[in-house]
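What follows is a set of notes on a single structure, which appears directly below.
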Amino acid sequence: MDTKRFETKEQDIAEAAALLQRGEVVGFPTETVYGLGANAFDAAAVDKIFAAKGRPSDNPLIVHIAHRRDVEKLARVVPAGAALCMERFWPGPLTIVLPCVDSVPRNVTAGLDTVGIRMPDHVTALQLIDAAGVPLAAPSANRSGRPSPTTAEHVLEDLSGRIAGVVDGGASGVGVESTVLDFSGATPMILRPGGVTREMLQEVIGEVGIDPALESGVGTPKSPGVKYTHYAPQGEMWLVEGARDLEKITELVQAAQEAGHRVGVLTTAERADAYAADVVIACGRRSDLSTVAAGLYDAIRQFDHADADLIYAEVFPETGVGLAVMNRLRKAASHRAIQS
Ligand code: TXA
Ligand code: MG
């Protein structure tokens with residue numbers, strides 16, 4: 001299949017929407033990462049998403065909407081706290097998990113009785129959903145197991161020839177996926193940290209839990225997708241924690257190079273010149289963690305392009321969006337960490 005590349009002009013959006021209406025799958029930009037969309041009410045179209053990505057069928061998809069009223073087509077009940085969050089954070093990087101109506105195809109929810117819904121804060125995404133006239137089920141537009149795409153190039157790198165099209169809207173701003181917030185239990189619970197932080201949620205709805213399996217890497221996370229090894233570069237990544245990380249990484253790099261490895265270091269602009277590794281990637285600025293989030297997946301892909309087989313990464317404070325950054329980094333490193 002030829003993958004058509006669309007721009008963001010009206011006529012291109014109309015063509016991409018026509019493909020969606022015909023049951024094809026199309027990549028599109030959002031403020032978090034690129035999504036791979038299909039008509040959420042067309043089970044055969046949704047199947048094509050799983051096939052193109054090589055995605056396990058037990059991993060549910062997020063349904064993207066352009067209007068608040070579309071929630072009623074998907075969710076059976078909307079608790080008051082969920083309504084407050086929609087009011088405050090939509091459009092934006094927050095997925096809200098609610099009990100779902102029967103008309104949502106089973107493959108969208110992977111057989112669960114809940115559905116994740118979000119309204120992306122991206123004008124092109126909203127225009128595309130509107131033009132298609134249906135909610136779009138859309139996971140991140142990467143091959144399963146690869147880092148999420150933050151540019152149309154990343155989407156094509158993974159899925160060219162496997163999808164009908166991609167709308168190129170430039171680089172995604174947030175860079176990590178949406179926060180997944182579950183309202184199906186007694187207390188709202190974060191199943192995946194993301195762009196909307198726990199602190200921001202607690203200001204609006206009070207107590208918010210975090211799925212305990214997330215922090216430890218032990219136990220079964222409630223969000224099925226979270227259990228898979230995602231985000232992993234091809235090289236083996238290690239996180240280096242503690243106050244003497246610069247000295248420790250410098251030592252580790254030297255030892256690994258002597259042992260014949262092609263060594264990468266993940267750092268930030270502040271220390272871009274501090275390391276003598278084979279591949280040094282400065283991802284954003286430590287002084288502003290949102291810039292680290294924005295560059296993270298591209299940085300991981302760059303280690304692959306440069307064939308680094310061993311990667312040492314600095315770590316970040318786990319507050320605000322730093323929680324999402326560290327959640328992705330720990331997964332990229334399969335929870336391997338060294339103390340300095
Ligand atoms: O920012 C994002 O969320 C991006 C953009 C494209 O919107 N999408 C995204 O989708 O990251 P995906 O499929 O890569 O991740 C969806 C996550 C998975 O961990 C999945 O298990 C979880 O959301 N999820 C979806 N529906 C769920 C549900 N009903 N219950 C629990 N977790 C759910
Ligand atoms: Mg994904």
Side-chain angles (χ1 to χ4, degrees), residues 1-53 55 60-75 86 90-96 98 100-110 115-142 148-149 151-152 154-156 158-160 162-170 172 177-178:
M1 171 190 314
D2 237 14
T3 301
K4 186 136 199 237
R5 191 170 181 148
F6 297 105
E7 294 172 21
T8 54
K9 54 180 190 262
E10 208 180 318
Q11 195 198 330
D12 278 30
I13 304 254
E15 271 183 50
L19 286 175
L20 289 163
Q21 287 167 342
R22 268 186 262 138
E24 296 297 337
V25 299
V26 174
F28 65 96
T30 83
E31 81 281 28
T32 57
V33 301
Y34 274 66
L36 183 60
N39 176 355
F41 288 112
D42 179 345
V46 169
D47 267 339
K48 292 184 186 172
I49 292 178
F50 285 90
K53 281 184 59 100
R55 182 177 176 102
L61 307 180
I62 295 168
V63 180
H64 295 68
I65 59 173
H67 305 284
R68 169 66 178 80
R69 61 176 182 272
D70 290 337
V71 170
E72 273 64 40
K73 296 179 190 156
L74 299 159
M86 292 171 191
W90 279 3
L94 179 68
T95 294
I96 296 181
L98 296 172
C100 109
V101 298
D102 293 336
S103 53
V104 178
R106 307 274 300 168
N107 54 358
V108 170
T109 63
V115 59
I117 308 169
R118 100 173 180 98
M119 189 190 293
D121 186 14
H122 195 291
V123 61
T124 304
L126 296 172
Q127 284 169 348
L128 183 67
I129 300 165
D130 246 343
V134 286
L136 297 182
S140 49
N142 50 291
S148 292
T151 64
H154 293 165
V155 176
L156 292 168
D158 281 16
L159 297 173
S160 184
R162 305 177 67 88
I163 59 176
V166 59
V167 181
D168 185 350
S172 295
E177 303 85 344
S178 62

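Residue numbers run from 1 in the order of the sequence given.
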Listed pairs under 3.5 Å, donor-acceptor, residues 119-135 side chains, sequence neighbours left out:
from   : atom 1 : to     : atom 2 : distance (Å)
His122 : ND1    : Thr124 : N      : 3.2
Asp130 : OD1    : His67  : NE2    : 2.9

**Fill in**
Per side-chain contact (heavy atoms from CB on, under 4.5 Å), Val33 is matched among Pro93, Ser140, Pro139 by Ser140
**Prompt:** Do Thr109 side-chain atoms and Val115 backbone N/O form a donor-acceptor pair below 3.5 Å?
**Reply:** no
**Fill in**
CG (Leu136) and OG1 (Thr30) are apart, to the nearest 0.5 Å, by 12.0 Å
**Item:** Carboxylate-amine/guanidinium proximity below 4.0 Å for Glu31 and Arg118
**Value:** yes
**Prompt:** If you measure from the Lys or Arg side-chain nitrogens to the Asp or Glu carboxylate oxygens, is any gap between Lys9 and Glu7 under 4.0 Å?
**Reply:** yes
**Prompt:** Are Val71 and Ile96 side-chain neighbours, meaning at least one heavy-atom pair lies under 4.5 Å?
**Reply:** no
**Request:** State the CE-CD distance between Met1 and Glu24, to the nearest 0.5 angstrom.
**Result:** 5.5 Å
**Request:** Supply the atom-to-atom distance Met86 CE to Leu98 CG, rounded to the nearest 0.5 angstrom.
**Result:** 5.0 Å
**Request:** May I ask you to decide if Thr3's main-chain N or O and Arg162's side chain share a donor-acceptor pair within less than 3.5 Å?
**Result:** no
Show every donor-acceptor pair shorter than 3.5 Å between a side-chain atom in residues 40-51 and any protein atom, with sequence neighbours excluded, or say none if there are none.
from  : atom 1 : to     : atom 2 : distance (Å)
Asp42 : OD1    : Ala44  : N      : 3.1
Asp42 : OD1    : Ala45  : N      : 3.1
Asp47 : OD1    : Asn107 : ND2    : 3.2
Lys48 : NZ     : Gly23  : O      : 3.1

**Request:** Could you tell me which non-hydrogen atom of Ile65 sits nearest to which non-hydrogen atom of Ile117, and how far apart they are?
**Result:** CD1-CG2, 3.8 Å
**Request:** Applying side-chain contact (heavy atoms from CB on, under 4.5 Å), run through Ser172 and Thr32 and close with a yes or a no.
**Result:** CA-CA 6 Å; Ser172 295; Thr32 57; 6.0 Å; no
**Request:** Report the residues that fulfil ring pair (Phe, Tyr, Trp, His ring centres under 6.0 Å) with Phe28, sequence neighbours left out, ordered by chain and then residue number.
**Result:** His64
**Minimum heavy-atom distance between Ala52 and Ile163, given as atom pair plus value** = CB-CG2, 3.9 Å
**Complete:** When rounded to the nearest 0.5 Å, the distance separating CG of Leu156 from OH of Tyr34 is 9.5 Å
**Non-hydrogen atoms of Ala137 and Val108 that approach each other most closely** = CB-CG2, 4.3 Å
**Request:** Can you sort out the partners of His154 under ring pair (Phe, Tyr, Trp, His ring centres under 6.0 Å), two or more places apart, ordered by chain and number?
**Result:** none
**Item:** Stepwise side-chain contact (heavy atoms from CB on, under 4.5 Å) test for Leu61 and Arg55
**Value:** CA-CA 10 Å; Leu61 307 180; Arg55 182 177 176 102; 3.4 Å; yes
**Atom of Gly37, atom of Ala138 and distance for their closest heavy-atom approach** = CA-CB, 3.9 Å
**pair Leu19-Arg22: side-chain heavy atoms closer than 4.5 Å** = yes
**Message:** Can you confirm whether Gln21 sits close enough to Asn39 that some side-chain heavy atom of one is under 4.5 Å from a side-chain heavy atom of the other?
**Reply:** no
**Complete:** Residue pairs passing the salt bridge (Lys or Arg N to Asp or Glu O under 4.0 Å) test with at least one member in residues 63-75, sequence neighbours excluded, are Arg68-Glu72, Asp70-Lys73
**Message:** Would you compute the distance between atom CG of Asp168 and atom CG of Asp12 and round it to the nearest 0.5 angstrom?
**Reply:** 10.5 Å
**Request:** Examine distances only and state if a side-chain atom of Lys4 and a backbone atom of Ala164 form a donor-acceptor pair shorter than 3.5 Å.
**Result:** no
**Fill in**
Hits for side-chain hydrogen bond (donor to acceptor under 3.5 Å, both in side chains) against Thr95, two or more places apart or cross-chain, chain-then-number order -> Ser178
**Prompt:** Which pair of non-hydrogen atoms, one from Val166 and one from Ala152, has the smallest distance, and what is that distance?
**Reply:** CG2-CB, 4.3 Å
